[in-house]
Amino acid sequence: MAGAAGPGTGPGAAGGNGDDSLYPIAVLIDELRNEDVQLRLNSIKKLSTIALALGVERTRTELLPFLTDTIYDEDEVLLALAEQLGNFTGLVGGPDFAHCLLPPLESLATVEETVVRDKAVESLRQISQEHTPVALEAHFVPLVKRLAGGDWFTSRTSACGLFSVCYPRASAGVRAEIRQHFRSLCSDDTPMVRRAAASKLGELAKVLELDSVKSEIVPLFTSLASDEQDSVRLLAVEACVSIAQLLSQEDLEALVMPTLRQAAEDKSWRVRYMVADKFSELQRAVGPKITLSDLIPAFQNLLKDCEAEVRAAAAHKVRELCENLPTEGRETIIMNQILPYIKELVSDTNQHVKSALASVIMGLSTILGKENTIEHLLPLFLAQLKDECPEVRLNIISNLDCVNEVIGIRQLSQSLLPAIVELAEDAKWRVRLAIIEYMPLLAGQLGVEFFDEKLNSLCMAWLVDHVYAVREAATTNLMKLVQRFGTEWAQSTIVPRVLVMANDPNYLHRMTTLFCINALSEACGQEITTKHMLPVVVKMAGDQVANVRFNVAKSLQKIGPILDTEALREEVKPVLQKLGQDEDVDVQYFAQEAISVVARRLHRPPGEAGVIPDAEGSERGRALRVRGRGQDPGRAHRKRAARAASEAAVEAAWFGGTDAAKGPACQLRVNPRDALALLEIADLVPFSRD
Amino acid sequence: MQQQELPSARAAAMSSSSPPAGAANAAAISASEKVDGFTRKSVRKAQRQKRSQGSSQFRSQGSQAELHPLPQLKDATSNEQQELFCQKLQQCCILFDFMDSVSDLKSKEIKRATLNELVEYVSTNRGVIVESAYSDIVKMISANIFRTLPPSDNPDFDPEEDEPTLEASWPHIQLVYEFFLRFLESPDFQPSIAKRYIDQKFVQQLLELFDSEDPRERDFLKTVLHRIYGKFLGLRAFIRKQINNIFLRFIYETEHFNGVAELLEILGSIINGFALPLKAEHKQFLMKVLIPMHTAKGLALFHAQLAYCVVQFLEKDTTLTEPVIRGLLKFWPKTCSQKEVMFLGEIEEILDVIEPTQFKKIEEPLFKQISKCVSSSHFQVAERALYFWNNEYILSLIEENIDKILPIMFGSLYKISKEHWNPTIVALVYNVLKTLMEMNGKLFDDLTSSYKAERQREKKKELEREELWKKLEELKLKKALEKQNSAYNMHSILSNTSDE
């Protein structure tokens, strides 16, 4: 310890000018070498503060050497250090001194742990830009060369990521050396280094002169693409995209295509997968001519590959591939060369493949037009709507809008209905949740009649789902439906059924009524709200369950702005005042909250809104609340948050829609401290139940 | 919550086999899959019924050639036998799709019978492995066993919980491995001829197969590789290097490789045979591969073999003790108590063979860690650490160095003797305290009486630290402010001058 701390404890270390704000570096270093990792980590994260305290000079002469010397630490600390140093240029005195940061980063770039190394490389790339061209050649390039010639593979892998940042700014001679170094790393005998080189090949190609690309990069690409390890070969596919963009059509055909063709038929599925996954990029890079002659046949093979992984990746690209074909002759190509393979995939044995296809297949209808869609695609859609896997059906339904534009949804509606009903009752709540989200869309496309007849009851059934998230989505869904179908429809179909639930024995259902009212009141307007909803809310203020009561207060606050002042004064205010005296503190709190909001409105005589300054209103509100609470508002808030959380948690975790939730006996009394834990449980429990 | 972070199980698997593809794949996962992150469980169950997989090599090859039975080897005359042997080997190069359980039944049966016959032929007859046969033999083996392993059906595969996916073509492959082993073990086998065929490329492919999910296959591979390592001196360095690469990739890139335990087992016996003094290469392997390997997620699967390798090294060269223990302390698990227990087990194994001089070098950092473990709120960790005091040899080491160790251990032992929730731990701690007291009663008394003061000193230090950081923060603010002010002053000076 004494060794490294030496410079700090020496004379003058405490700041020669007697400025006591300059801390002796020994103290700081003590922090950086504390036994507790967490404390070391904290200090490293505040390294910039330390540097600031020391000033640029001492940061350069004392702090950085210390950091360079003590690189042996936990990877977590090193990661933080690597990140910090990337932004340190200002703290060492600006770009002129940026090279001071290289030694510690160089050590970090040789560490075993990949994340540390990657971060060090990232920081090095960052500060390379801050070097002047001269400094770059004097300090940075030698570092890259040292790394490239390192004994252990880690430094060589790190070097791969640094070539492309120094190449454009280096002189011709240095450029040749850089290329030479990169070449040798491409044939390194450890696969880790070859992988690193392969992954940076494309990036380097982009900054090289075109001649060098042809004479040097292409051979490297060819050799990496036929590496003995598939993990290297697949990375070459990625590089292929960048290289292809740089070359002319003839060069492309002669230099790159043979390798790409070979990759598309590689014996390892990982390589084929990569080709499928990068297909759109490849397509754009090679241009339309080669696409037609080479890529389409390759794509056909990928669509019928023996590995489901590959087929799924290819299926994902079907739409993009078709869209990017030249418009001229596109239809014929799709009909003759793509569609037959797609038909096969609809009945694939693997559900991931089918679901990948289902997520894009609807997009083809806009490309193929009405007639083709009806004749060829529609049977496929219908088959997929009947698929055994819910994901496939869901993917089809979620993309209905594409088809709607082309053929109208009527064509599908007969098949659609059973599919929707089944999804709506799926055992997995996330599937139910997902289908709810498409309801407003479907409603708009199917029209009000069809909706009332077939789907309305589903929408109501979701309101009493045993998963809160589904009920919540169901309320939002109702609001959107009302926005679409209008208030009359709401009054005749939705509102009565929602209000009936206010008498349900299950308090969760009673609360759902309140949540629905919150959501619907604005869409329904003043009349319906005052006439139909308000009386129900008011009545519920006498509920046995405190959770219902404080939700009444919240609802009143929410619908307050929609009601006229008379209703507010005559009906809302007395109820809130009563709730303000409730035995339950939370009910009291929310009642006070609501009162303050309502009172602010009542205080304003009609037509004179805005005469009374807002400040007064809010002050009144505040005074009210403070008087009402009489305790630390922060604490109350925390507790309430906990309770609200516990509400959702307990419900999801324990009751799950069984009759356990009925009646006042199950009023929730949950220790708020456990609420967060319960929330986490609640997240997990439905997993196992479903 | 891992389930939600990895919406697609398949994506996870892909990323473990090829990091870049994995990332891309995760993005390609359909929206619906994200919607329902846990379909997979049921899906997985459905898949599990299958529980076997084909190799990735069947790419719609079209119709298979049908096999016709050849005459039995034992019925052939001795000059025909060699010819027939090669014909049979060639016949066995033809592969069949076992995922399709109804196709080519007859041919599959013929091949099975032929392979059986070949196994018997090379193991019971002498002089049948002649120079000309090597090429066909190795060709047949390569054709059958070398294949791209298919993507895992069950990417969340937890080898401790789940059933492995078995290789569908096992009925044939098993016999090929069997044949391979008999061939390698035959007294007629000549490495000098075989090395023309069993070369680096061959070994490379063999090593890749260790990733097979089928434990039966890995078991065969283990024996095969062991034989090859034993018989082909020229390949030894290469094999070690390749294993090295596989391990590094496992540790730092994919965290997934099924055959780690098997490879470590082979290495255990390889290390056993290292000559002294150890080459730098071997030491590097220990420090840069075996020690970091302790960080792997699935450590439980191969920890026994790994610890064995480490202890083998230490028995060869005791000077490695210090770096090894420091390495383990560096990678000490922070959140996984199961792993912590394994680490403690390994430390005990190391302490069993440690030399007292080496012990002195690492006692301080080591016992700081042990002191943390002893006071772990996880009782298994605490218990495992406290069991050290049941080990006679460790006790003797502690006694020799009690002046150093007692002050390190005292604080946490004293604290948990009062605080630990688990009565078993409290009882164990009392025993340990008693043992330590008997070793040096005076020191023990001193520590007891200074305990409170010590705690207070720690608290004060803590406060000082906070104070220091607060001042530093203020300083930072002040500097920022100064900067602003100076900019402002400049501005005002400039404007003043213009006023004048």
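Predicted model only: the values in this text are computed from it and were never measured. Chain naming here is simple, since letters A, B, ... match the order of the sequence lines and numbering starts at 1 in each.
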Inset, instruction - Identify which part of B/Q205 has an atom lying under 4.5 Å from any heavy atom of chain A, answering side chain, backbone, both or neither. - result: neither
Legend entry - Per-residue contact mode, A/S398 against chain B (heavy atom under 4.5 angstrom): neither
Legend entry - Which atom of B/P323 lies closest to which atom of B/M287, heavy atoms considered: O-CE, 3.4 Å
Legend entry - Pick from A/V237, A/L39, A/D75 with the largest number of heavy-atom pairs that fall under 4.5 Å of chain B: A/L39
Inset, instruction - Measure A/E437 against the heavy atoms of chain B and call it side chain, backbone, both or neither at under 4.5 Å. - result: neither
Inset, instruction - Side chain from CB out, backbone as N, CA, C, O: work out which of these in B/K201 comes under 4.5 Å of a heavy atom of chain A, or both, or neither. - result: neither
Inset, instruction - For the residue pair A/R117 and A/T157, confirm or rule out a side-chain donor-acceptor distance under 3.5 Å. - result: yes
Inset, instruction - Fit a plane to each ring of B/F247 and B/F285, take the angle between them on a 0 to 90° scale, and name the class: parallel (under 30°), tilted (30 to 60°) or perpendicular (over 60°). - result: parallel
Legend entry - Candidates A/D266, A/D230, A/N301, A/D305 - the one meeting side chain to side chain donor-acceptor pair (under 3.5 Å) with A/R272: A/D305
Legend entry - Positive for side chain to side chain contact (heavy atoms under 4.5 Å, CB included) with A/R311, one of A/V353, A/L357, A/L302: A/V353
